[in-house]
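Heads up: the structure comes next, in structure tokens.
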Amino acid sequence: MIEVTNKKVLDWVNECKDFLKPKDIQWIDGSHAQLEAIRQLAVDTGEMVRLNEEKLPGCYYYKTDPKDTARDEKRTVIATTYEKDAGPTNNWVQKDEMYARMKPLFEGAMEGRTMYVIPYSMGAVGSDFAKIGIEITDSIYVVLSMNIMTRIGDPVIAQLNKGADFIKCLHSKAKVDAENKWIAHFPEDNTIWSINSAYGGNVLLGKKCFALRIGSWLGRKEGWLAEHMLILCIEAPNGVKKYVAAAFPSACGKTNLAMLIPPKHLKDAGYKIYTIGDDIAWLRIGDDGRLYAVNPENGFFGVAPGTNSKSNNNALMTTKKNTIYTNVCRNLDDNTVWWEGLEKDIPAPTNGLDWHGNPWNGQTAKERGAHPNSRFTAPAENCPSIAPEFFTGKGVPISAIIFGGRRAKSEPLICQSKNWEHGVFIGSKMSSETTAAANGAVGVVRHDPMAMLPFCGYHMGDYFQHWIDMGKKMTNPPKIFNVNWFRTNKAGKFIWPGFGDNLRVLLWALSRCEEPSTATETTTETPLGFIPTKEALDLTDINIPEDELNSILTLDKEIWKEEVAGLKQWYDKFDHLPDELIEELHKLEEALK
Ligand code: SAT
Ligand code: MN
């Protein structure tokens, strides 16, 4: 390991050591030998299970406490000096009070344990977009997961030694005590404290905590955007590459969209998809007035259930080596893993262990084998569709921004906003049915603007204003769209086939980004924006009953009057919102009359 000479780093690590009282300290240099030794330790202590080395080389199984299987939004806090800076959508605690509440929990929390110090970079090390964090943790799972999800070790220390600034991330699983679990962000101090959890989203502090909550705060201060977005590249048969960034709430198919496989006729025609990111985008305005995006992560923390060779073969292939599986079902016959949905490829084990660790028989068990929010943590480099641009860390120019939620009835398949401000309005009104990615009821509609409700680190009214201001600074901003893959018919079945067929919808969106647009004449203008006619969409080989197709390509005014009423209530939460949004809401209401 190279020597750490950054005094700020050394002082902070010492300070943490003094109140955490670990038995020893291990700096993570990221070397193969060091990580192998840590993996061996995890196996020896039973914290992780090494899986079948032929079928799943370098793969490990990990299980959390049954009460600790998802992000915990109630226990996620933005701790600032003034409440107005956290705004009405965050749990706010005065920052001194939050430190005082958590300090006693951290006091001696690492007694008898090793304190790991993980220097990591979000974004390719040293690239223009990159930012550094240091995570202190007592969890081997965190060390090994951070190694997959971020760039860690010596190259990052070298940056720190050059004087690079860093985010102070402190985690202890402590007693994994649900009653005393806190995930607290102190954006004024570039600090994150997380205690009493051992589940990914609460403890891999580079991800939602840094890359989104602290990132969004920094983005506002420094003039860029940190967003809950996948990034993908669509290469047309003529070789031209276009880039799309898309925001969906957790567990709404971001990973699937990012890795989509074109339907046969489009593949035969020469369309190719490359993946740049599946969850988080950092976006900056380039010298040419366009918006450029990078994926600051280095791996995928994807939902396992539902992943199979039909739904997302790229994701499945990504997880075949050097992957950590969390809370899935174990197959004891061949020491592999299994989850609901995988029966398309591999039958459920008769000799398994469910996500609680209880004996489980896929033929007779009524309970699930894998937790609905069970996850794989897999290196991006494994992904068959990974884009070369991913590795350079240079931003890619975004043509289209796509917002989407899970709405059974209201939102059409796709709708293009009228301009940037209207697009921000479209993002601000996003709502979705909740999923298992966070604790709480599943299937309840909630407003989730830009899919950032749980991840915006500051006042959301200010966040919308920042979006509007960013638009003003761009001479060539992306076009903004809203999509909904989740409309259902009378029988409750999805109308749109989704998955690879979503490319058809993206291609229409991209055609609208051409100057001049190649699709205008087959578009209907509605109060919500532009919706393609069915002639405008490529529906080759797709069979959807006429009336159902019409229903997802029109705007139901009655339903939308109710939506507007709900939206007004939502906006009422805010003590301030940009005038542009109030005006767009007013225009929508008028147009629906
Ligand atoms: O749990 S995570 O926040 O890391 C994943 C998600 O909810 O999107
Ligand atoms: Mn996410």
Side-chain angles (χ1 to χ4, degrees), residues 1-18 20 22 24-39 41-42 106 110 113-173 185-186 189-194 200 203-215 218 280 282 294-299 301 324 377 379-381 391 393:
M1 182 183 134
I2 59 178
E3 192 197 341
V4 181
T5 56
N6 182 321
K7 185 163 177 315
K8 233 174 113 185
V9 174
L10 294 170
D11 286 350
W12 176 65
V13 170
N14 265 327
E15 189 192 308
C16 291
K17 183 197 73 183
D18 286 346
L20 297 163
D24 52 13
I25 299 184
Q26 188 170 2
W27 286 78
I28 300 300
D29 60 19
S31 67
H32 181 75
Q34 183 190 48
L35 292 168
E36 270 305 302
I38 291 174
R39 289 183 189 109
L41 184 63
F106 274 113
M110 293 192 187
R113 296 182 187 165
T114 297
M115 166 173 136
Y116 298 98
V117 184
I118 317 165
Y120 69 94
S121 175
M122 298 311 291
V125 180
S127 65
D128 288 349
F129 285 69
K131 290 197 178 282
I132 291 176
I134 302 178
E135 179 158 356
I136 287 180
T137 181
D138 52 5
S139 159
I140 287 184
Y141 172 70
V142 169
V143 174
L144 297 177
S145 300
M146 288 296 281
N147 172 49
I148 296 172
M149 295 305 297
T150 73
R151 286 101 171 159
I152 65 169
D154 277 352
V156 183
I157 295 176
Q159 294 290 320
L160 287 166
N161 285 351
K162 281 193 243 162
D165 209 358
F166 63 101
I167 307 293
K168 294 174 271 185
C169 308
L170 174 56
H171 165 252
S172 172
K173 57 188 175 188
H185 307 71
F186 304 88
D189 305 338
N190 282 338
T191 294
I192 303 163
W193 280 11
S194 165
V203 301
L204 307 180
L205 301 184
K207 195 174 181 50
K208 298 301 181 6
C209 299
F210 174 177
L212 288 180
R213 298 196 189 95
I214 299 289
L218 293 175
I280 296 174
W282 283 358
V294 298
N295 168 14
E297 299 191 278
N298 201 28
F301 185 61
I324 300 172
T377 313
E381 63 179 17
F391 297 97

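Quick note: numbers below take in every heavy atom, side chains included, and nothing from hydrogens, waters or symmetry partners. Computed from a predicted model, the values in this text were never measured in an experiment.
Crowding of Asp128 atom CG: a count of heavy atoms from other residues, nucleotides or ligands under 6.0 Å not exceeding 12.
Summarising the geometry, atom CD1 belonging to Ile134 is positioned 9.5 Å from atom NZ belonging to Lys8; distances are rounded to the nearest 0.5 Å. Between the NE2 atom in His185 and the SG atom in Cys209 there is a gap of 3.5 Å [rounded to 0.5 Å]. Rounding to the nearest 0.5 angstrom, the gap separating the CE atom in Met110 from the CD1 atom in Ile25 is 9.5 Å. Atom CG in Leu170 sits 11.0 Å away from atom NZ in Lys168 (nearest 0.5 Å). Rounding to the nearest 0.5 Å places CE of Met115 at 7.5 Å from CH2 of Trp27. Atom CZ in Phe210 sits 7.0 Å away from atom NZ in Lys131 (nearest 0.5 Å).
Contact annotation: the side chain of Asn161 approaches that of Val4 to within less than 4.5 Å [non-hydrogen atoms, C-beta and beyond]. In this structure the side chain of Leu20 never reaches within 4.5 angstrom of the side chain of Asp138, judged on heavy atoms. No side-chain heavy atom of Val13 sits under 4.5 Å from any side-chain heavy atom of Leu10. Contact of the Tyr116 side chain with the Ile140 side chain is registered, since non-hydrogen atoms from C-beta on lie closer than 4.5 Å. At a threshold of 4.5 Å between non-hydrogen side-chain atoms, the residues Ile38 and Ile28 count as touching. Residues Phe166 and Val156 fail the side-chain proximity criterion, which asks for heavy atoms closer than 4.5 Å. Side-chain contact between Phe391 and Glu381: present, with at least one pair of heavy atoms (C-beta onward) separated by less than 4.5 Å. Side-chain contact between Trp282 and Met122 is present, with heavy atoms from C-beta onward closer than 4.5 Å.
Heavy atoms only, all atoms of each residue included: Glu3 and Ile157 are closest at O-CG2, 4.2 Å. What you find for Gln159 and Ile132 is that their closest heavy atoms are CB-CD1, 3.4 Å. Contact detail for Ser145 and Ile324: the closest heavy-atom pair is OG-CD1, 3.7 Å. Contact between Val294 and Gly393 at its shortest, heavy atoms only, is CG1-O, 3.3 Å. Considering every non-hydrogen atom in both Arg113 and Ser172, the closest pair reads NH1-OG, 4.2 Å. The minimum heavy-atom distance linking Glu135 with Leu205 is given by the pair OE1-N, 3.1 Å.
Ring orientation note: the planes of Trp193 and Phe186 are nearly perpendicular, at an angle over 60° on the 30°/60° scale.
The backbone N or O of Leu160 sits less than 3.5 Å from a side-chain atom of Asn6, completing a donor-acceptor pair. A donor-acceptor pair under 3.5 Å is absent between the side-chain atoms of Glu297 and the main chain of Gly206, judged by distance alone. Listed for the Gln34 side chain is a donor-acceptor partner under 3.5 Å among the backbone atoms of Asp29. Judged by distance alone, the side chain of Ser121 and the main-chain N or O of Gly123 form a donor-acceptor pair under 3.5 Å.
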Item checked: side chain to side chain contact (heavy atoms under 4.5 Å, CB included) between Thr137 and Val203, intermediate numbers included -> CA-CA 9 Å; Thr137 181; Val203 301; over 6 Å; no
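Side-chain contact check for Thr150 and Asn298: no donor-acceptor pair (N or O, by modelled atom type) lies under 3.5 Å.
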